[in-house]
Amino acid sequence: MGRAYAVREAKIKKTGAAKGKVYTNFAKEIYLAAKNGSPDVEANSALKHLVEKAKKMQVPADIINRAIDKAKGAGKDEYEQIIYEGFGPGASTLMIKTLTDNVNRTVGEVRAAFNKVHKSLGVSNSVSYNYENLSVMSFKSDKEEDILMALLDAGIEPVECETEDEFLNISVNYTDNIKTKEIIESIIPDVDYEVDESGWYAKDMVTLEGEDLELFNRLYSLLDEVDDVTDIYHNVNL
């Protein structure tokens, strides 16, 4: 199974998350995209795609607009993205993406989650060396060859490009994310992404059983309850 399939499976695990947290996470990400680029949606490709994704997830327009207004200087919030690396039970590892306005609070809450299962955070690159930072897209299409050739012509070499159950699954290096979408949308103007995710994906997976699996699930739940945690990536087959 491809990475897009794995992402769809992972999203099932996250469906129980409170809708309010989803809205808050989108607000933070939209703010960052607008702050780091232009607050003009049409002039900022990253912001435009993020806003479209938020609308698809039924994030209210006023939340989107307030986040953009804050980036224009109308608010005092300052967020930064920090990735924490950690060791779970067995041979499991985790990459925890956070968006925070208080680093001390966030690292304290993330560390507390690991402490509760008697595991620990790692230093920079203690875990990430076994992960790839990718953008994963999946959508219905019969134009695999056309899209692949267009990507290669643009100097983008996909990590994965395969059709599975009518869906074309494409994985590219994160730095090629926006250009890849521009190419896809030039060939399929009304493309409807079933999966549109960027994150850290493990190169090698492990299988946990018994107490290790129970502890891992508890750790995942504890991390997911931290308000500043937006995404959790790991190497466990679930």
Side-chain angles (χ1 to χ4, degrees), residues 1-15 17 22-23 25-30 32-34 36-37 41-59 64 81 83 95-97 99 128 130-205 230-235 237-238:
M1 296 294 183
R3 287 183 178 85
Y5 177 85
V7 173
R8 289 198 294 271
E9 290 291 286
K11 288 170 76 70
I12 292 173
K13 186 175 179 64
K14 296 173 67 174
T15 54
V22 173
Y23 292 172
N25 289 344
F26 266 113
K28 291 178 181 178
E29 292 185 357
I30 289 170
L32 270 182
N36 293 334
V41 175
E42 294 304 320
N44 185 335
S45 296
L47 177 61
K48 182 177 181 179
H49 282 104
L50 191 53
V51 167
E52 290 173 351
K53 184 177 176 181
K55 289 179 178 178
K56 188 174 181 180
M57 294 292 290
Q58 300 181 329
V59 176
I64 295 172
Q81 176 179 294
I83 306 270
M95 300 278 290
I96 304 102
K97 176 183 171 184
L99 285 173
S128 60
N130 193 41
Y131 286 72
E132 296 175 288
N133 193 7
L134 303 175
S135 289
V136 179
M137 290 144 271
S138 180
F139 50 93
K140 284 189 176 181
S141 174
D142 59 359
K143 300 183 181 296
E144 177 180 348
E145 185 174 348
D146 293 342
I147 292 173
L148 177 58
M149 292 307 299
L151 291 174
L152 293 175
D153 287 343
I156 299 172
E157 186 170 345
V159 176
E160 174 184 73
C161 184
E162 64 178 16
T163 299
E164 177 187 343
D165 298 332
E166 297 184 89
F167 284 91
L168 178 55
N169 304 325
I170 297 177
S171 301
V172 297
N173 290 326
Y174 174 74
T175 53
D176 293 324
N177 177 32
I178 298 301
K179 184 62 178 177
T180 297
K181 287 180 180 174
E182 289 175 350
I183 291 171
I184 292 170
E185 290 159 20
S186 70
I187 297 174
I188 312 174
D190 58 347
V191 62
D192 182 16
Y193 296 104
E194 187 200 9
V195 173
D196 177 11
E197 300 287 340
S198 294
W200 294 86
Y201 301 97
K203 299 174 185 176
D204 299 301
M205 305 295 288
T230 59
D231 288 288
I232 305 167
Y233 305 99
H234 57 81
N235 66 338
N237 285 312
L238 295 173

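Everything quoted here is computed from the prediction, not taken from an experiment.
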* To do: Tell me, please, which residues at least two apart from Asn173 pass side-chain contact (heavy atoms from CB on, under 4.5 Å).
  => Leu134, Val159, Thr175, Asp176
* Give the intermediate values and the outcome of salt bridge (charged side-chain N to carboxylate O under 4.0 Å, His left out) for residues Lys53 and Glu29. => CA-CA 11 Å; Lys53 184 177 176 181; Glu29 292 185 357; 5.8 Å; no
* Is there a side-chain contact between Ile178 and His49 (heavy atoms, below 4.5 Å)? -> yes
* Structure fact -> When every non-hydrogen atom of His234 is compared with those of Ala202, the smallest separation belongs to O-CB, 3.9 Å
* To do: Verify the neighbour count for atom CD of Glu157: are there more than 12 heavy atoms of other residues, nucleotides or ligands below 6.0 Å?
  => no
* Hey, does Ile96 have a side-chain heavy atom less than 4.5 Å from the side chain of Asp231? -> no
* Atom of Ala54, atom of Ile30 and distance for their closest heavy-atom approach -> CB-CD1, 4.1 Å
* Which pair of non-hydrogen atoms, one from Asn44 and one from Ala34, has the smallest distance, and what is that distance? -> ND2-CA, 4.3 Å
* Do Phe26 and Met57 have side chains that get closer than 4.5 Å, going by heavy atoms? -> yes
* **Glu42: partners by salt bridge (charged side-chain N to carboxylate O under 4.0 Å, His left out), with sequence neighbours left out** => Lys48
* Asked: side-chain contact (heavy atoms from CB on, under 4.5 Å) between Ile187 and Glu185: does it pass, once the steps are laid out?
  -> CA-CA 5 Å; Ile187 297 174; Glu185 290 159 20; over 6 Å; no
* **Non-hydrogen side-chain atoms of Ser135 and Thr180 separated by less than 4.5 Å** => no
* **Which atom of Val172 lies closest to which atom of Pro158, heavy atoms considered** => CG1-CA, 4.1 Å
* Asked: Which residues pass the side-chain hydrogen bond (donor to acceptor under 3.5 Å, both in side chains) test with Tyr233, sequence neighbours left out?
  -> none
* CG-CD distance between Leu148 and Glu162, expressed to the nearest 0.5 angstrom -> 12.0 Å
* Asked: Looking only at atom types and distance, does a side-chain atom of Lys28 sit under 3.5 Å from a main-chain N or O of Leu99, one as donor and one as acceptor?
  -> yes
* Under the salt bridge (charged side-chain N to carboxylate O under 4.0 Å, His left out) rule, collect the residues that match up with Lys56, sequence neighbours excluded. => Asp192
* Asked: Is Met95 close to Ser128 at the side-chain level, that is, under 4.5 Å between some pair of heavy atoms?
  -> yes
* Side-chain (Thr230) to main-chain (Lys97) donor-acceptor, under 3.5 angstrom -> yes
* To do: For atom NZ of Lys179, decide whether the heavy atoms of other residues, nucleotides or ligands shown that lie under 6.0 angstrom number more than 12.
  => no
* **Rounded distance (nearest 0.5 Å) linking atom NZ of Lys143 with atom CD1 of Ile184** => 13.0 Å
* Structure fact -> Residue set satisfying salt bridge (charged side-chain N to carboxylate O under 4.0 Å, His left out) with Asp204, at least two apart, ordered chain then number -> none
* **Distance in Å, Asp165 CG paired with Ser138 OG, rounded so as to fall on 0.5 Å steps** => 9.5 Å
* How would you list, by chain and number, every residue that makes a ring-ring contact (aromatic ring centres under 6.0 Å, His included) with Phe139, sequence neighbours excluded? -> Tyr193
* Structure fact -> Taking every heavy atom of Asn169 against every heavy atom of Glu164, the minimum-distance pair comes out as ND2-OE1, 3.3 Å
* **4.5 Å side-chain heavy-atom contact, Asp196 and Lys181** => yes
* **Stepwise side-chain contact (heavy atoms from CB on, under 4.5 Å) test for Glu194 and Phe167** => CA-CA 9 Å; Glu194 187 200 9; Phe167 284 91; 3.1 Å; yes
